[in-house]
Amino acid sequence: MPGLLSDSLAWAVILLFGVGVLSEDRNERLARVLTTAAWVGFAVFWLQLVPHFAFEQKSYVEGVLSVAAVPASLYTGYLLWNGRSTLFVLSRAVAAMGLIYLPFETIPAFSLFGVSMPAPRGYLMEVVAAQTGALVHALGYTPEMIVGQQGYTNTFLFYDGDHRLTVSVVLACTGLGSIAIFGGLIAAVKAPLRRKLRGLAIAVPIIYGLNLLRTTFITIMFGKQYMQWFVDEIMLLFGSTDPYMVSFFISDRIISQVLAVVVLVAITYLVVREVPELLTVIEDVLYMLTGDEYDLESSLGLNRRGV
């Protein structure tokens, strides 16, 4: 996220979601008001992230998704306000996602009773970087691991002749975002704990393992400049003047991010087989996209045991 203002807005929106969904059983009207307001705040949150993804990160996939999230959030709030109560499930999911993700994004390093505690984001980035480094070395490449711009040992140093090339494992490279999505969705539905745990046991290891393969792939492709294809065209597409970035743009911004969408769809299917209550959320999303109601329970031959 860009900074303190964005982090503060994120916490405010997630807490509003949390208060709203916790009010559902006690005062449904109050819950509807608070949760609708949270969806409006969520739209504002995604709107202020658009320049970050589109221009700073130069990620067309994330930029397009953040743009799409603005009207989608507003429409979700509109439908919830007008009586589509199943959207409380999606609202609970967003609250849970935020509570999983935001501590890693926002909590700094601190000392407690004389004991120094590292920033959660830094610890996670260094762990993923170390594991990525082990895979990179296992494949026969020997970049030096150095301290990156954020002050963590999460950066690989390659040389192309005399030119230094550095690639860092940042929070977005840890798989935490995808894990938070599935963790939030599974936490939001009303299902037996054993099936929720089975769903998590499917999603989390697959996401984490595939993410390590992704970071290894990007590190090698960029560090060794293996994808210097259509250099002028790629630099124009991403608004870059650095030809050394072409391999990064192709391996990360194009190949990895497109494949990530496909993988998330596949994981969703596997998790839904264990936690069919998630069909409520998927049906709501499909309704918002198409305007048609769907009965995925019958189509997929699953037994939805609760909402």
If the condition is salt bridge (charged side-chain N to carboxylate O under 4.0 Å, His left out), which residues does Glu24 pass it with, not counting sequence neighbours?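 Salt bridge (charged side-chain N to carboxylate O under 4.0 Å, His left out) check on Glu24 returns Arg92.
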
Under 3.5 Å, is there a donor-acceptor pair linking the side chains of Ser73 and Trp46?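 Note: Ser73 and Trp46 side chains miss the donor-acceptor criterion.
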
Check whether the side chains of Asp284 and Thr86 place a donor and an acceptor atom closer than 3.5 Å, and report yes or no. yes

Looking only at heavy atoms, what is the nearest atom pair of Ser240 and Phe249, with distance?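 Residues Ser240 and Phe249, closest heavy atoms: CB-CE1, 3.6 Å.
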
Would you say Leu5 has more than 12 foreign heavy atoms packed within less than 6.0 Å of its CG?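 No, CG of Leu5 has 12 or fewer neighbouring heavy atoms, counting only those of other groups under 6.0 Å.
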
Would you say that more than 12 heavy atoms from the other residues, nucleotides or ligands in this model lie under 6.0 Å from the CD of Gln149, or not?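 Not buried by this count: 12 neighbours or fewer within 6.0 Å.
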
Looking at Arg84 and Glu283, is any side-chain nitrogen of the basic one under 4.0 Å from a carboxylate oxygen of the acidic one? no

Could you give the distance from CE (Met221) to CD (Gln228), rounded to the nearest 0.5 Å? 11.5 Å

Between Tyr78 and Tyr75, what is the ring plane arrangement, given parallel below 30°, perpendicular above 60°, and tilted in between? parallel

Should the pair Phe45 and Phe42 be assigned to parallel (<30°), tilted (30 to 60°) or perpendicular (>60°) ring geometry?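 Ring orientation, 0 to 90° scale: parallel.
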
Expected list for residues 161-188: side-chain donor-acceptor pairs under 3.5 angstrom, two or more places apart:
| from | atom 1 | to | atom 2 | distance (Å) |
| --- | --- | --- | --- | --- |
| Ser168 | OG | Thr155 | OG1 | 2.6 |
| Thr174 | OG1 | Leu171 | O | 2.7 |
| Thr174 | OG1 | Leu176 | N | 3.3 |

Please check if Trp81 and Val89 belong to a single hydrophobic cluster, counting links between Ile, Leu, Val, Met, Phe, Trp and Tyr side chain heavy atoms closer than 4.5 Å. no

